[in-house]
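In what follows, a structure is listed as structure tokens, so that the remarks can point back to it.
Below, read A as the first sequence line, B as the second, and so on, with proteins coming before strands; counting in each chain starts at 1.
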Number of protein chains: 2
Amino acid sequence: MTEERQDKKDHILEIAEKLFADLGYDGASTRHISQAAGVNMAMLNYYFGGKEGLYLSIFQKHVTQQKIKLENLNNEEISSIEKLEKCIDDYADKMMSNCAFQKIIYREMSLSQRSELNKKIISLISLNALEVKRIISEGIKNGSFNQDADADMLVASLFGTKSYIINAAEMSSLLMGYDVTNPSVIETVVKPRLKNHIKKMFRAYLINNNENN
Amino acid sequence: MTEERQDKKDHILEIAEKLFADLGYDGASTRHISQAAGVNMAMLNYYFGGKEGLYLSIFQKHVTQQKIKLENLNNEEISSIEKLEKCIDDYADKMMSNCAFQKIIYREMSLSQRSELNKKIISLISLNALEVKRIISEGIKNGSFNQDADADMLVASLFGTKSYIINAAEMSSLLMGYDVTNPSVIETVVKPRLKNHIKKMFRAYLINNNENN
DNA sequence: AATAATTAATCAATCGATTAATTATTTTTG
DNA sequence: CAAAAATAATTAATCGATTGATTAATTATT
């Protein structure tokens, strides 16, 4: 059945995503992936055409999902700070509930190998980043944000802070004193704390009229 | 001669560091590294005992350098905000002038493979992170910083922002409109802009008494 | 009966590492 | 100081292991 086949493909994608995140692209062998997914190694080639095809399929799955969310936010008519805070919440939710994929993304971005693949990934992430920049720039332009704020750097701070918590999870755990890799800890402790921090910091920097040097 | 030998070893380490950063640990083969360094493949094993030994040597080189800097900052007696800003500058200088190593570090931190190696790396980075946290916590304690500031998250924002600029260089370039991988651009544009941004943002969040919800 | 799905076995290529042989450099010795 | 002995450095060739991929045969489904 087509339905069963799709379920099996999704299952493989799920397992593969986890293994790629934990072991890296080269580190996760097709033998390991197929074994973990409980399928024959040849099925990976049968379904996805090969290891690269499997890897790409993982990205394509997420690209489709993310595109919809972006378009929704684009069309809302709310204040700049509300938009930005909505953005902060959205990305925190998305990134925190999908740590494995985030790890893959940022690791892939830091390589210069597999350039065709890289370009696809970067064009995806750049959609997100440029959208956030647009919101901030708009806020600066319409006077609701500090005039000499650096939109590019703020984008870096937003995504950088979140990816640091996720990618350097073992570091973060050591820093905070609890297990940042534990999903329930992430949901109940890390995520709200992260959201609160970024919102407060961005608000202090962007809105309150203070004289920094 | 011992001196010549050390020079050759350093040369190999330099080349290997670049290749590991560009291609990843698995992606950079010993054949590739030895060829790029202009030495026979067997020399890597002769000098470093193998690929892992070579990889470790790169870290040990940097560990030694960083330890000294950390101890110096520890012993200075200046205000909390001065210490923090000095920290921001120091890490910006270090990370920006050594992008290759930073890429390796953060990629390694996001893996769960090679655990003995990972622990060494994490313990090194945690030294830096905990030092920054200590400075911020001290500032909160002695009343110079905002009382409800989140020290852990600030550390994540500091290192996260910087590593985002470096690791997601292609993204940053697309965002900012100039080549973030170009050393002279980094030195004259990116580095000062990054320093300024973090200092201003941290100052707004930590010092100016504002009422964020 | 025909097509799709699945398996086990095998392919060539590449990996890191090692070997044995050769060359270069010290060190010892006369 | 030079010849010889000893050690260090370097090379080319090869090792077994693992990689992703493919094949041909088998089983399941339509």
Kindly point out which of [options] is positioned nearest to the side chain of [X]?
| X | options | answer |
| --- | --- | --- |
| B/Lys51 | D/dG20, D/dA9, C/dA17 | C/dA17 |
| A/Arg31 | C/dT18, C/dT10, C/dC15 | C/dT10 |
| A/Ala42 | D/dA21, C/dC15, C/dA8 | C/dA8 |
| A/Tyr46 | D/dT22, C/dA4, C/dG16 | C/dA4 |
| B/Tyr47 | D/dT19, D/dA21, D/dT10 | D/dT10 |

Between [N] atom [atom2] and [X] atom [atom1], what is the distance in whole Å?
| X | N | atom1 | atom2 | value |
| --- | --- | --- | --- | --- |
| B/Met43 | C/dA24 | CE | P | 14 Å |
| A/Phe48 | D/dG20 | CZ | P | 15 Å |
| B/Ile12 | D/dA9 | CD1 | P | 12 Å |
| A/Leu44 | C/dT6 | CG | P | 12 Å |
| B/Tyr25 | D/dT19 | OH | C1' | 16 Å |
| B/His32 | C/dC15 | NE2 | C1' | 15 Å |
| B/Met41 | C/dT19 | CE | P | 14 Å |
| B/Asp26 | C/dG16 | CG | P | 8 Å |

- Has A/Lys8 got its NZ or CZ under 6.0 Å from the middle of the six-membered ring of A/Tyr47, at an angle within 45 degrees of the ring axis?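 Cation-pi check for A/Lys8 and A/Tyr47: fails.
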
Review point. Do the numbers put A/Lys9 on top of the ring of A/Phe48, so that NZ or CZ is under 6.0 Å from the six-membered ring centre and no more than 45° off the axis?
Key: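 Yes, cation above the ring, under 6.0 Å and within 45°.
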
Side-chain ion pair, B/Arg203 and B/Glu85, N-O less than 4.0 Å: yes

Discussion item. Check this for me, if you would: do B/Asp152 and A/Arg193 make a salt bridge, where the nitrogen-to-carboxylate-oxygen distance has to be below 4.0 angstrom?
Written reply: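 Yes.
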
In Watson-Crick or G-U wobble terms, with both distances under 3.5 Å, the base opposite C/dA24 is D/dT7

| said: Please verify the inter-ring angle class for A/Phe20 with A/Tyr25; under 30° counts as parallel, over 60° as perpendicular, anything in between as tilted. | reply: parallel

message: Is A/Lys8 close enough to C/dT6 that one of its side-chain N or O atoms is under 4.0 Å from OP1 or OP2 there?
response: yes

### Task
Kindly say if B/Asn40 contacts the phosphate of D/dT10, meaning a side-chain N or O under 4.0 Å from OP1 or OP2.
no

